[in-house]
Amino acid sequence: MSRRCWLMKSEPEEFSIDTLKKVGVEPWSGVRNYQARNFMRDGMQVGDGVLFYHSNCDEPGVVGIAEVASEAYPDPTQFDARSDYHDPKSTREGPRWLLVDVRFRRKLARTITLAELKASAQLEDFALIQRGNRLSVLPVTPAQWDFILSLEKRSAA
DNA sequence: GCCAACGTTGGC
DNA sequence: GCCAACGTTGGC
């Protein structure tokens with residue numbers, strides 16, 4: 001079985017690594033992008049590693065490690081008229097949006113900042129830092145995963 | 001708060 | 001099916 005790794009973005013004001021630590025396992029609701037959905041549906045397997053990334057905040061970067069804790073299943077918020085994630089065009093018979101459960105593994109000793117990732121020649125091809133990339137769920141190669149985590153032990157640049 | 005990048009919508 | 005308009009993401 002080949003090793004698969006992912007990166008998932010969250011705005012810390014909405015849902016932070018500390019919140020995940022507290023709750024343990026969280027249904028990753030609210031993904032409303034087809035490419036991101038397809039990664040969850042077609043790519044993810046239970047146990048896959050996930051880099052937890054804080055976006056849209058003072059210090060964007062990788063802040064922790066989680067893992068995929070379920071197969072993809074329909075995101076219940078798409079059916080909830082009161083939810084921000086409600087999708088009136090989705091039906092229970094043919095749900096548009098899926099999610100996976102995400103389980104906390106550990107918090108990093110420090111934030112590995114976006115600036116550092118961008119400055120690393122080894123990460124030239126990393127989907128996160130490709131120009132204009134807004135995907136909230138994206139694949140990470142094992143080599144990229146290992147390199148990113150090797151940065152944890154270094155002092156901030 | 002600004003704005004570039006990009007996805008989606010809808011008129012035609 | 002094209003594409004302009006619009007909305008969202010997310011770094012800065």
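Here is the naming used below: chain letters follow the sequence lines, and residue numbers restart at 1 for every chain. What you see is a predicted model; the values in this text were computed from it and never measured.
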* Using whole Å, report how far CG of A:L128 lies from C1' of C:dT9. => 13 Å
* **Atom pair distance, as rounded to whole Å: CD in A:Q130 and C1' in B:dA5** => 14 Å
* Electrostatic pair A:R110:A:E116 at N-O distance under 4.0 angstrom -> yes
* Under-4.0 Å salt bridge between A:E14 and A:K9 -> no
* To do: May I have the distance from A:N38 (atom CG) to B:dG7 (atom P), rounded to whole angstrom?
  => 13 Å
* Asked: Taking the side chain of A:R134 as its heavy atoms from C-beta onward, which of C:dC12, B:dG10, C:dG7 lies nearest to it?
  -> C:dG7
* Per A:K9 side chain, nearest of listed nucleotides C:dG10, C:dG11, B:dC6 -> C:dG10
* To do: Measure from CZ on A:F15 to P on C:dG10 and round the result to the nearest Å.
  => 16 Å
* **A:L114 CG - C:dT9 C1' separation (whole Å)** => 13 Å
* Among residues 26-37 of chain A, which contact DNA chain C at a heavy-atom distance under 4.0 Å? -> none
* Partner residues of A:E71 under the salt bridge (Lys or Arg N to Asp or Glu O under 4.0 Å) criterion, sequence neighbours left out -> none
* Structure fact -> Here the ring-ring contact (aromatic ring centres under 6.0 Å, His included) pairs for residues 5-27 of chain A, sequence neighbours left out, are A:W6-A:F39
* **Members besides A:Y73 in its Ile/Leu/Val/Met/Phe/Trp/Tyr cluster (side-chain heavy atoms under 4.5 Å)** => A:L99
* Asked: Does A:Y34 sit in a hydrophobic cluster with other residues, and if so which ones, taking ILVMFWY side chains as linked at heavy-atom separations under 4.5 Å, directly or through other members?
  -> A:W97
* **Most 5' of A:R96 and A:N56 on DNA chain B, judged by nearest nucleotide** => A:N56
* Atom CG of A:D84 and atom C1' of C:dT8: how far apart are they, to the nearest Å? -> 13 Å
* Asked: Closer to the 5' end of DNA chain B via nearest nucleotide, is it A:N133 or A:K89?
  -> A:N133
* Interatomic distance where CH2 belongs to A:W97 and P belongs to B:dG7 [whole Å] -> 13 Å
* To do: May I have the distance from A:L135 (atom CG) to C:dT8 (atom C1'), rounded to whole angstrom?
  => 13 Å
* What nucleotide among C:dG10, C:dG11, B:dT9 has an atom nearest to a side-chain atom of A:Y53? -> C:dG11
* Please identify each residue that fulfils side-chain contact (heavy atoms from CB on, under 4.5 Å) with A:S90, with sequence neighbours left out. => A:Q78, A:F79, A:D87, A:P95, A:R96
